[in-house]
Colleague: 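Input: one structure, supplied below.
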Amino acid sequence: MGGAKNSVLKLMAAALLAEGTTVISNCPDILDVPLMADVLRGLGCEVVLDGDVATITTPAQPKYHADFEAVRQFRASVCVLGPLVARCRKAVVALPGGDAIGSRPLDMHQSGLRLLGARSEIEHGCVVAEADDLHGANIRLAFPSVGATENILMAAVLAKGETVIDNAAREPEIVDLCTMLNRMGAKIAGAGSTTLTIRGVERLEPTSHRVIGDRIVAATWGIAAAMTGGDVTVHGVNPKHLTLVLDKLRSAGSRITVAPNGFRVEQDGRPQAVNFATLPYPGFPTDLQPMAIGLAAVAEGTSMITENVFEARFRFVEEMIRLGADARTDGHHAVVRGVAELSSAPVWSSDIRAGAGLVLAGLVADGVTEVHDVFHIDRGYPRFVEDLSGLGGDIRRVND
């Protein structure tokens, strides 16, 4: 299992916080890594990608303007905002692009920076932030936003005094970022809890860091085993990061074996219907909602899936209905009545996880299923076709 997409991009951005050369290993072979490298190069960094290692050399005075062409292609580009405000006391970051899964405003990012002493506005399609000085503050997030937690955290590490972030995101990727920042000389306590306490320091030093395993990719393969009546062993991920997901698979009838650095999922016959509700960590990840719907579509019985994070993620259900799923949506809820087999059809992926979910659904459909716009998948899953083929899937990539 390669490194986590939801961690590596933020770790690369954190390299902006220290002059010198930072080395990040276990980087996944996904499209978003070279895209982030381009963003950093535009800010004056030298970036070398060699296999699973990113070597980032940050100048004494980084540029502070991340232009539209660099950041429009993926959402995580906004995570340079906090580091730039901390290092340069100014940032101009074009509003980011990314997956079409619903509204993801930057209000909490900006309000947190304002409490730290920055001025921040949206001007001409960019987030503009400036600060004469940064100081510690007590900040309570209205929602445990991962992105807001990361940006505020990376600005606070170089602010004067103590910052407390309440209702902070608790995701393992946040812990990974805190671990790297502390290695750089930051003073952060409470990683993995709802309260982060940051004592600002004058400067950080570059470091070397290994990215944690990707729990979303790992869980995708586990759910694939449950959907297909298969047997999959996943290495290179902490199973404690997937406790609820593995519990759901047990409820669906899978046999789960947990090891220190991975897990095994075995499924005989059709899975049983299970209800899912997406929530911030340690709840069920919204990134796995399409896979949960795919599992429900072929399960025995009726499942209810509740989406509590991104309202537009149910666009995926329309494509599942093309494949013969018996599903309907009502607001934040989807009710799925499982069928014995899906029927092949051409379908379109709207984001990374929807694309992966549709491919898994194609594995349990009769005939040949065509999944279009699979470039989305490449942004989050390394060697997707090769790994799935290696597990016994009949899948190939076609350029049209």
Side-chain angles (χ1 to χ4, degrees), residues 6 75 97-105 143-146 216 219-220 222-224 226-228 244-245 247-249 251-253 270-366 369-374 376-377 379-381:
N6 291 336
R75 174 73 183 187
D99 292 332
I101 56 176
S103 175
R104 296 191 281 181
F143 178 83
S145 161
V146 171
I216 303 301
T220 299
I223 294 173
M227 288 176 64
T228 61
L244 180 57
V245 176
D247 284 345
K248 288 291 184 180
L249 291 179
S251 297
R270 287 177 65 184
Q272 299 298 308
V274 179
N275 295 330
F276 298 87
T278 67
L279 287 167
Y281 188 85
F284 190 85
T286 182
D287 279 352
L288 291 176
Q289 185 242 82
M291 280 60 87
I293 290 176
L295 179 67
V298 294
E300 292 191 42
T302 299
S303 304
M304 176 176 286
I305 295 89
T306 302
E307 175 56 55
N308 293 305
V309 182
F310 293 128
E311 72 277 3
R313 264 221 149 105
F314 279 152
R315 291 175 58 183
F316 170 80
V317 175
E318 298 172 9
E319 300 305 302
M320 285 296 296
I321 292 172
R322 291 181 193 270
L323 291 171
D326 183 355
R328 62 180 177 83
T329 61
D330 182 7
H332 289 276
H333 306 286
V335 176
V336 184
R337 295 176 177 85
V339 297
E341 186 178 55
L342 298 175
S343 57
S344 58
V347 289
W348 281 260
S349 58
S350 57
D351 64 78
I352 298 169
R353 310 306 173 184
L358 289 169
V359 171
L360 299 193
L363 295 176
V364 288
D366 64 359
T369 296
E370 296 178 358
V371 182
H372 296 266
D373 291 348
V374 294
H376 289 293
I377 299 174
R379 292 184 44 232
Y381 289 85

Colleague: Just to verify, what does Ala219 make a side chain to side chain contact (heavy atoms under 4.5 Å, CB included) with, not counting sequence neighbours?
Modeller: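 With neighbours one apart ignored, the set is Leu242, Val245, Leu288.
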Colleague: Check whether any side-chain heavy atom of Met227 lies under 4.5 Å from a side-chain heavy atom of Leu363, and answer yes or no.
Modeller: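 Result no, sub-4.5 Å side-chain heavy-atom pair not found.
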Colleague: Is there a side-chain contact (heavy atoms from CB on, under 4.5 Å) between Leu342 and Val298? Walk through the geometry before answering.
Modeller: CA-CA 7 Å; Leu342 298 175; Val298 294; 3.9 Å; yes
Colleague: Would you give the length of the straight line joining atom CD of Glu318 to atom OG1 of Thr329, rounded to the nearest 0.5 angstrom?
Modeller: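 Going from the CD atom of Glu318 to the OG1 atom of Thr329 covers 7.5 Å.
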Colleague: Once rounded to the nearest 0.5 Å, what's the spacing between atom CH2 of Trp348 and atom CG of Asp373?
Modeller: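 Atom-to-atom, Trp348:CH2 and Asp373:CG are 8.5 Å apart.
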Colleague: Does some side-chain heavy atom of Asn275 sit less than 4.5 Å from a side-chain heavy atom of Ile305?
Modeller: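 Side chain of Ile305 against side chain of Asn275, heavy atoms only: no contact under 4.5 Å found.
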Colleague: Write out all pairs satisfying ring pair (Phe, Tyr, Trp, His ring centres under 6.0 Å) with one or both partners inside residues 273-299, taking only residues at least two apart or from two chains.
Modeller: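 Qualifying pairs: Phe276-Phe284.
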Colleague: Would you say the side chain of Phe316 lies within less than 4.5 Å of the side chain of Arg353, judging by non-hydrogen atoms?
Modeller: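 They are not in side-chain contact.
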Colleague: Taking only residues two or more places apart in sequence, or in another chain, which ones meet Ser343 in a side chain to side chain donor-acceptor pair (under 3.5 Å)?
Modeller: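 Applying side chain to side chain donor-acceptor pair (under 3.5 Å) to Ser343 gives none.
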Colleague: Mind listing the closest non-hydrogen atom pair of Ser349 and Gly355 along with its distance?
Modeller: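 Closest approach of Ser349 to Gly355, heavy atoms only: CB-CA, 3.2 Å.
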Colleague: Side chains of Val359 and Ile377: does their closest heavy-atom pair fall under 4.5 Å?
Modeller: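 Yes - at least one pair of side-chain heavy atoms lies under 4.5 Å apart.
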Colleague: Once side chain to side chain donor-acceptor pair (under 3.5 Å) is applied, do any residues pair with His333, and if so which ones, sequence neighbours excluded?
Modeller: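 Side chain to side chain donor-acceptor pair (under 3.5 Å) list for His333, sorted by chain: Thr306.
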Colleague: Any side-chain heavy-atom pair from Glu300 and Pro271 closer than 4.5 angstrom?
Modeller: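 SC-SC contact between Glu300 and Pro271 ruled out.
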Colleague: Kindly state each residue pair satisfying salt bridge (charged side-chain N to carboxylate O under 4.0 Å, His left out) with at least one member in residues 322-341, sequence neighbours excluded.
Modeller: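 As it turns out, the salt bridge (charged side-chain N to carboxylate O under 4.0 Å, His left out) pairs with a partner in residues 322-341, which skip direct neighbours, are Glu319-Arg322.
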Colleague: Report the residues that fulfil side chain to side chain donor-acceptor pair (under 3.5 Å) with Gln272, sequence neighbours left out, ordered by chain and then residue number.
Modeller: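 Partners of Gln272 under the side chain to side chain donor-acceptor pair (under 3.5 Å) test: none.
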Colleague: Are Met291 and Leu360 side-chain neighbours, meaning at least one heavy-atom pair lies under 4.5 Å?
Modeller: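 Answer yes - side chains close enough.
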Colleague: Among all residues two or more places apart in sequence or in another chain, which pass the side chain to side chain donor-acceptor pair (under 3.5 Å) test with Asp247?
Modeller: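 Asp247 satisfies side chain to side chain donor-acceptor pair (under 3.5 Å) with Arg250 once adjacent residues are dropped.
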Colleague: Is any side-chain heavy atom of Val274 less than 4.5 Å from a side-chain heavy atom of Leu295?
Modeller: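 No; the side chains remain at least 4.5 Å from each other.
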Colleague: State, to 0.1 Å, how close Ala226 and Leu249 come at their nearest heavy-atom pair, and which atoms those are.
Modeller: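 Heavy-atom minimum between the residues: CB-CD2, 3.8 Å.
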Colleague: Of all residues at least two apart in sequence or in a different chain, which pass the side chain to side chain contact (heavy atoms under 4.5 Å, CB included) check with Pro282?
Modeller: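 Pro282: side chain to side chain contact (heavy atoms under 4.5 Å, CB included) contacts with Arg170.
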Colleague: Could you pull out the closest heavy-atom pair between Met304 and Val335, with the gap in Å?
Modeller: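 Smallest interatomic distance, heavy atoms only, reads CE-CG2, 4.0 Å.
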Colleague: Identify, with sequence neighbours excluded, every residue that meets side chain to side chain contact (heavy atoms under 4.5 Å, CB included) alongside Thr286.
Modeller: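 If we apply the side chain to side chain contact (heavy atoms under 4.5 Å, CB included) test to Thr286, skipping adjacent residues, the hits are Thr278, Glu307, Val309, Phe310, Arg313.
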Colleague: CG/Asp287 to CD1/Ile216 distance, rounded to the nearest 0.5 angstrom?
Modeller: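 Asp287 atom CG to Ile216 atom CD1 measures 5.0 Å (nearest 0.5 Å).
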Colleague: Roughly how far, to the nearest 0.5 Å, is the NE2 atom of His372 from the CG atom of Leu358?
Modeller: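 So the CG of Leu358 and the NE2 of His372 are separated by 11.0 Å.
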Colleague: For the side chain of Arg379 and the backbone of Ile352, is there at least one donor-acceptor N/O pair under 3.5 Å apart?
Modeller: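 No, Arg379 side chain to Ile352 backbone: no donor-acceptor pair under 3.5 Å.
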Colleague: Would you please name every residue forming a side chain to side chain contact (heavy atoms under 4.5 Å, CB included) with Thr369, sequence neighbours left out?
Modeller: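 For Thr369, the residues satisfying side chain to side chain contact (heavy atoms under 4.5 Å, CB included) (neighbours in sequence not counted) are Leu323, Ser344, Val347, Ala365, Val371.
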